[in-house]
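Beneath this line is the structure, given in structure tokens, with notes to follow.
Chain A is the first sequence line, chain B the second, and so forth, proteins listed ahead of strands; every chain is numbered from 1.
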Amino acid sequence: MYNITRSPWVMHYDGSSCNGCDIEVLACLTPVYDAERFGIINTGDPMQADILLVTGGINTQNAPIVKQLYDQMSDPKVVVAVGVCACTGGVFKDCYNILGGADQVIPVDVYVPGCAARPQAIIDGIVKGIGIFQERLEKLEKAEGQKSEEKEEAGKEE
Amino acid sequence: MGVMTFAGTALKNLFSKPVTTSYPAEPAEYKERTRGHIEIDIDQCISCGMCTRACPCGTLSIDKIKGTWTINRFDCIACGFCVEKCPKKCLTMVAGYQEPGGEKGEVTYTKSPEVLAEEARKREEMAKKAAEAKKAMEAKKAAEAAAAAAGEKKDN
Amino acid sequence: MNEMTIKIIVAVCYVVLAPILGGLLDGIGRKISARMQRRVGPPILQPFYDLGKLLHKDPIHVAPSQNFLMMSYLFFVILTGGMIFLGMDLLMSMFILSTAVMFLYFAATVTGSPYSTIGATRELLQMIAYEPCVLLTCVGFYMVRGSFETADIINGDISPIAYLPGMFVAFIFILTIKMRKSPFDISTSHHPNQEIVRGITAEIGAKNFAVFTLAEWYETVFLMGMVALFIVNKNPISIPVAIVVAFLVYFLELLIDNCCARMKADKMIKLSWMVTIIAAGANLLALVYIFR
Amino acid sequence: MNATEGKNEIIKITPAELPIKAMEMKEKGLRLSQACAAWVKKEERLELSYSFVDDTTYDIFNLRIELSDKAAEGETVKEGCGRDAEVASISGIYPYAAFYENEMRELFGANIKVIDPDYHNKLYRINEDTPFVPKKEGEAK
Amino acid sequence: MLDFAVPFLICFPFLISLFLLFSGKSKIGNAIARIGAVVIFFTSVAFFVARGIKIGFSVTEELYVNTEIADYVILGGEILLALVVTFLCFKYKKYWISLLSIIPTAAIIYIEETAAKENIAHIFLDRLAMIMVLLVGAVGSLIIIYAVGYMEGYHNHHKEVQDRRNYFLALLFMFMGAMFGFVTCASLTWLVFFWECTSVCSFLLIGYTRSEEAINNSFRALWMNLLGGVALVAGVIFFHSLLGTFSAREVLSTIQMIGQYSNQMFGVALYIPIALIAFAALTKSAQMPFSTWLLGAMVAPTPSSTLLHSATMVKAGIYVLIRLAPLMKGNVVGMFIAFIGAFTFLSTSFMAISQSDAKKVLAMSTISNLGLMVACAGIGTPETVWACVFLMLFHAVSKSMLFQVVGATENSLHSRDVEDFHGLLYTLPKHAMFLFIGITGMFLAPFGMLISKWSALKGMTDDRHALIVIFIVFGSALTSFYWGKIMGKLIAHPHKKKEVKDVTHMGEYVSFWIHMITMILMVVFFPMISTFYVDPMVANVEMIGNTTGIAAIPQSTLYILVGMLLLVFLIPLVMYFSGKGEESTQKLAYMGGINTGKNNGFVDSFGEEKILWMSNYYYEKMLSIERLMKPCQFIATIILLVIACILGGSMIGGMLG
Amino acid sequence: MSKRSVIPYGPQHPVLPEPIHLDLVIEDEKIVEAIPSIGFIHRGLESLTDKRDFNQMAYVAERICGICSFGHGYGYCETVEHIMNVEVPDRAKYLRTIWFELSRLHSHLLWAGLMADAFGFENLFYQCWRVREKVLDAIELTTGGRVIFSVNKVGGVLKDITPEMQKMILETLDFVEAETKVLKKTFMNDYSVQSRMKGVGVLTKEQAKALGCAGPFARASGIATDMRMRGYAAYGDLDMEPIISNDGDCYGRCEVRIGEIFQSIDLIRQAIAKIPDGELAAVVKGNPDGEYFMRIEQPRGEADYYVRGNGTPNLDRMRVRTPTFANLAGLCEVLKGADYADIGILVVTIDPCISCTER
Ligand code: SF4
Ligand code: SF4
Ligand code: SF4
Ligand code: SF4
Ligand code: SF4
Ligand code: SF4
Ligand code: SF4
Ligand code: SF4
């Protein structure tokens, strides 16, 4: 099985966070934490992203956006919810315009708690996510292998 | 105005040591005051509920009877208000953040059996006392009633 | 061994080795950049990890024709480099390179999506900026050696750079555009935060992006080949010298990348045309009227 | 050194007076620093406040419009000061007031007319109507 | 048989044209025009092939030495043209223009009548003439076939224009006749006649709609072309006075004389008629500063612009310049002509960027490509002339196709704005394909324009024309931009799915297909065409006198080039078919997460759906024709004045010294 | 047809630190029209007053924005203190000032980095953020949080800055000052940087006035307004002058903010030198009843706070008007006629705080 864990490209979407977590996500990339050591690249484009980092909770306006961005990513993909807002809604969960954490609209694989989540925590979260990323790939390839086998068999029968 | 004014700095940087910390190979260092997560010395807790009421997120819950104190760490903003409010000072803010995880479960702390037993005993005692008091009260009432009835009878 | 077999061997070597070299250059570049930014940076093999991952992801597209357009793009970039390393016609290979770029352009515009279309248009603007210089460079080589064929160009007595210093300067300048480095990475960016998202590659993901990356590696190698062409002459010592110069140029590009803000398209065209006219044009005029 | 605390006044006006007062403020060269609404629970009153500030003296004057269907004891509701009274937009006088006004209308249901640009209650695009103000009938306590 | 082909080709179109003129509004005009066009098509092709087989391409023939009657007809024609022009000029109160017609006509008649009769050939066939015959015949007749269908649609949409389509077709035929005459005649007096004839025909075609704009533009075209005519006549008279002959052959052989007498008065004087005739060619080929007439010609219905741009009118100028090329090689006249050509190439490429009207883009690109050809011819070395010939061939075919397709698209789409071509691949797929291939032919591999450009650059470098090289490289970068952005438009995902009814006739499609196949065949057989036809033509006796023929481009190079280029054609196809079975998941286009699920709409700031609209870049404020044309014309005029001064000065100097 | 493109910009867009959306109409690469849309981060946190008491609201208030979190917490607390007539101890006032300026320092460095990123100068971005990390260390040392301070409460502050910590802060300041001087050279003098900032997004003094701009955005257009001059917290005891520039373009705004970095360093030094001993917080009794309008100078400009209490722990209204809200109109103005390539720069140039704008 090919090892794809060394190149996780992340895309960050700011749901309705207070910025605290956003800047900590950015801080991960800066010289002191340098996430690129692990091959992490911050890309703005869902087409090229492997890991979706969501900060902040989900509200009525951004729910379809988060969903769309997630759908645009190519499989296998992983979602990491950063900060308690993205996990549960955090302090804001009782606000009228907050539906809850990111898991309200997309399946979340890793929750990173903290308000704001510390850069180390975010790196840990991504690293956890990478493991899932690899599992996903294996599952995907297995499924594909089966499919092509079926096809071959179907071809033989004909 | 200059062209490539940054070249000197960039070249200097190239030959100086990177400032990158080697986390996670080396564990992170935390400052003394760092607000990481809440720890509880559960046996000190008197289940008064001050913390649950103080928490701006509604993260905490207690169960007086079972002697539990529950926190959802994926909901806690580590503000420290509960720590400030706890009358017994049994809550502390500790450095080091909560590990990320795939599930956002709650953590429940239960008081040790001795303490529980002690509390239960106290409660029982209290209950007994209350019951006794009640009994006494009832007895008194009954006595009064009886007296009254007697009085009435007398009156009649 | 006859000439044909040598050629075939060279061709195979080029096709196999160029991406390895290109990927390594990319990896080293990223490392050096990181160090210039006081970071540790990714492992040197990182570009290969990225490529592997991209190839293993589920292929995606926005418009189905993107897939074959991207493959064609890759093929033509390989062809361009191949022609140069096989000693064929320099000018024609540059024309084919433009054709290759057009395929990339089509792959981006066919989606009709906003950012990739803007990026694609900017790619054309970049072409306006660098093409005169590239063509003039070819003409310069021709003037010096009397042939467009790279096989003849490397067979001179004196390195072409002796005659073409201006062209060399101009070529280095537009190299920044070709290699998509700051300050002229306007059609797409290796750094994420850009106003057109990923520009021409905005709708290109997974396998197609791997194809794009590969094409870029080939392109890097063949651009470095062009740089080397300025140095190489009959004397075999010139070959290591050329390689060193190519590395120095690559390093210079990295340094420029790390010391400049991204400029706007109009500024890019103005500057690169100015440099082309002043450096390359003057060089050409000098060749014509002084060294006749 | 310089503690220019400045004046901090609240001036009560009726909706009809608003444009004139706003003009006065503009003529005095004041800047509209904010406009906001508040729902006063006890009195069931909607209050609109427009704050005008002086950037050299750091004074602040707050124009206050009170809108309520419930009159104080012994009084009737003033003409044009009902809960749904129309309030003219001052976006013609202070163009940047439009954002505040759109917000007040969307979140508090203030009946502000002719805002330019008008986001038609879709500035924040929330699901609830006027979340800050209890619905008319129902649990308006 | 073969002997009569040329007179037939010249006279037959004139006859058809006369017939059409007198057939009024009757419907048989269409049929006659179609038949006539088919006849011309096959005659010209058959003539070309048959002559090649029977006599061999390399033979140069001089025919019709005694042509007294024909001479009188021509004379009559010349007077007739002058009368027509004068009449129209007076009708539209442009009196002074008539002078440009009357004076040269009078002058040439006077000289002709007073000069001693000489026995010279009047028709003259060589490789160049033959290939021109083929080009005019084949492309021209296809245009006419196309025109018959087109005018039908045109008049259905444009009720405001009076329907005089038979008159229109008549003019087209007349034009063709004149072109045949022009490329085959060997007598300079005939040349003058046919020249004036094309000028007047184009003038009448441009004025077809009789709208005010059309009339103004037509008169602009007229005076510019007549000015060229004046220069031509002056040049002819000058030659006659120097050499005492009207024979084009004689004139061409003065090449040696220039060499012999280069230091003498006579040698210097020879430059002057060359310059005058080259100047005439510049006007015909719409070079700066005379480019505006060709732009103005756009007001006419598409077939006429097609005819003007692709195969005929403007190519007449190039034809003359190719003939003159050996005389211009390496001297000051050639230098300046080449310079003007290169300058035109660059400046009009700039202007083409700002255009969104498809026909205007085509027009600007025509002028700019002509500039390249002029530059090549002006330099006059074998390589550049070779390039010039190929540029001309490829340009004629691709441009003719492009014009026709744009016209057909306009009829279906009711717009010819490039912005409306967005996603044409999805609304009118066939048109989009033809346009795409046509544009590819203009600047991309594998088509010949690219190889020609290659050769042109090589030739220019060989001859050390540094400035011109610089102009060309900049211009060619711009060319890629304006074509590229149109191609992008064609294939882009559409903004809105709209239903468009394709009203294109069978006949039009036939014409498109023939063009396309011709283009592809020309690429495939490029090396052969080059070796067997163009190389000898460039290098051998016919043109340059007795210089020994060397192939302009080495054969092996050519084969490699064409092989490479064909790959460009094949690879995408291979990729396309090999990639078909592959599984790939379709995703929505990226719009910051708010597209409405259809790739062409997004949620706007007010929460509504908004349609995405992508437009090309035009840089109108910077590069519009209005802004750039005047200064460019000014510069070009200065260049012309400079050369006039140099020649005049050296002339005077020669006379004094 | 139209030679103008109509395209969406954002809400997800790598140049934008936060989601906003612009409907753009562009011609070539010139912006003809830009209509902003907000609300992607609207949470409605002001409505939490119904569910949280006024003490808890202090923690909610600082999460209005994770960057000027301190300012928001402070602004809210001071407004409530005004209503309740609480006299805050002097030491608390000084501590608040120090933290406020530390937060401005980190915010401005962050902005400088984002600006560098917006004009595509990656290395400069990294260097700004590297320096900023030092400031964050100082903040974490004293408050325990990197971006969310949680040291304010109604009545005063929760934590003290010990003399050792003061020393550490002073060391940090020396480091920041030295490094910023180096960065300033590139920001202010580099050709490529200047070509992106000079003359871009010009807002004249009159325009800035007419559009009600605030903060550095207004100061860069020559309006000398700085709420710190009102003398809240300990600012009344410290020496400062508003920093202004008359360019009115991106360059001017950059100049102002970089100037303010040095100004903050100076203010912290003054405060540390003058800090008195004393209590950290006053005792607060009862519930707020009344209303007050209060204005402070956030890193991004003037922020307005309005609190209305009704005698219960739950407030009637807590309202924040943030600087970005005031600057939106100015942003729309500078976007018109700008180059498409400059959008990122222009958006960042107002130092937007969408999170606090939408709350
Ligand atoms: S978790 Fe805390 S810091 Fe992060 S976004 Fe939510 S409130 Fe802000
Ligand atoms: S606050 Fe005091 S009185 Fe109230 S429940 Fe807790 S311990 Fe008992
Ligand atoms: S730290 Fe704050 S959020 Fe966490 S439990 Fe305590 S009061 Fe609640
Ligand atoms: S406030 Fe302290 S004692 Fe009371 S329940 Fe909470 S932890 Fe236990
Ligand atoms: S397609 Fe039809 S309508 Fe159009 S020109 Fe031809 S015949 Fe006319
Ligand atoms: S679209 Fe073209 S053909 Fe149709 S009416 Fe307009 S101009 Fe005439
Ligand atoms: S004003 Fe802006 S920066 Fe300041 S706290 Fe609010 S959101 Fe943050
Ligand atoms: S502008 Fe406000 S929300 Fe945006 S990053 Fe800055 S502080 Fe955060």
Side-chain angles (χ1 to χ4, degrees), chain C residues 29-30 32-41 109 111-122 124-126 173 176 180-199 201-202 254-271, chain F residues 5-10 12-17 22-26 28-31 113-131 133 179 185-187 190-200 250-251 254 338-348:
Chain C
R30 277 170 73 174
I32 293 178
S33 283
R35 291 300 297 268
M36 282 184 185
Q37 296 154 357
R38 296 203 70 176
R39 297 185 290 129
V40 169
T109 46
T111 61
S113 93
Y115 300 107
S116 93
T117 308
I118 294 178
T121 313
R122 287 183 172 190
L124 288 186
L125 289 176
Q126 288 191 176
F173 191 87
T176 322
R180 305 178 196 286
K181 296 266 184 224
S182 185
F184 300 126
D185 49 344
I186 65 149
S187 84
T188 174
S189 159
H190 283 244
H191 318 315
N193 291 11
Q194 227 212 100
E195 65 273 4
I196 48 173
V197 192
R198 299 291 289 178
T201 60
L254 286 176
L255 187 63
I256 295 176
D257 184 34
N258 269 297
C259 298
C260 287
R262 182 190 308 116
M263 291 200 186
K264 288 191 265 185
D266 47 349
K267 195 101 190 177
M268 168 187 73
I269 296 179
K270 267 181 218 149
L271 281 177
Chain F
S5 305
V6 180
I7 58 166
Y9 196 88
Q12 194 276 324
H13 197 296
V15 159
L16 302 170
L22 296 167
D23 283 347
L24 288 185
V25 179
I26 55 174
D28 301 338
E29 286 211 4
K30 280 261 179 285
I31 301 167
L114 289 179
M115 188 69 183
D117 201 27
F119 57 64
F121 202 144
E122 206 191 13
N123 203 346
L124 200 54
F125 159 70
Y126 280 134
Q127 299 322 310
C128 292
W129 280 57
R130 176 172 63 82
V131 177
E133 280 292 328
E179 293 276 333
K185 251 199 296 184
T186 299
F187 269 111
D190 193 77
Y191 169 74
S192 63
V193 175
Q194 282 199 359
S195 82
R196 293 305 303 272
M197 293 204 298
K198 275 241 157 125
V200 173
C250 290
Y251 184 80
C254 191
D339 270 342
Y340 175 77
D342 286 333
I343 293 188
I345 296 179
L346 291 174
V347 172
V348 173

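- Looking at I256(C), neither its backbone nor its side chain comes within 4.5 Å of chain F, counting heavy atoms on both sides.
- Taking every heavy atom of both residues into account, C259(C) and S192(F) meet most closely at O-OG, 4.3 Å.
- Interface remark: L124(F) contributes no atoms to any contact with chain C (heavy atom separation under 4.5 Å).
- Panel note: side chain E122(F), backbone N258(C); no donor-acceptor pair is recorded below 3.5 Å.
- Counting heavy-atom pairs closer than 4.5 Å to chain C, the top residue among V347(F), I343(F), D339(F) is D339(F).
- Neither the backbone nor the side chain of Q194(F) has a heavy atom closer than 4.5 Å to any heavy atom of chain C.
- Side-chain atoms of R196(F) and R262(C), non-hydrogen and from C-beta on, do get closer than 4.5 Å to each other.
- With a 4.5 Å cut-off on side-chain heavy atoms, E29(F) and D266(C) do not count as touching.
- Using a 4.5 Å cut-off between heavy atoms, Y126(F) contacts chain C through its side chain alone, with no backbone atom that close.
- Smallest separation of non-hydrogen atoms from Y115(C) and Y9(F): OH-CA, 3.2 Å.
- If you take CG on N123(F) and CZ on R38(C), they are separated by 11.0 Å, rounding to the nearest 0.5 Å.
- Between M263(C) and Y191(F) the shortest side-chain heavy-atom distance falls below 4.5 Å.
- Ranked by heavy-atom pairs under 4.5 Å with chain F, the list S33(C), A261(C), P183(C) is led by A261(C).
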*Give the C-alpha distance, both sets of side-chain angles, the deciding distance and a yes or no for side-chain contact (heavy atoms from CB on, under 4.5 Å) between I7(F) and T117(C).*
CA-CA 11 Å; I7(F) 58 166; T117(C) 308; over 6 Å; no
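- Using a 4.5 Å heavy-atom threshold, the side chains of P114(C) and S5(F) count as separate.
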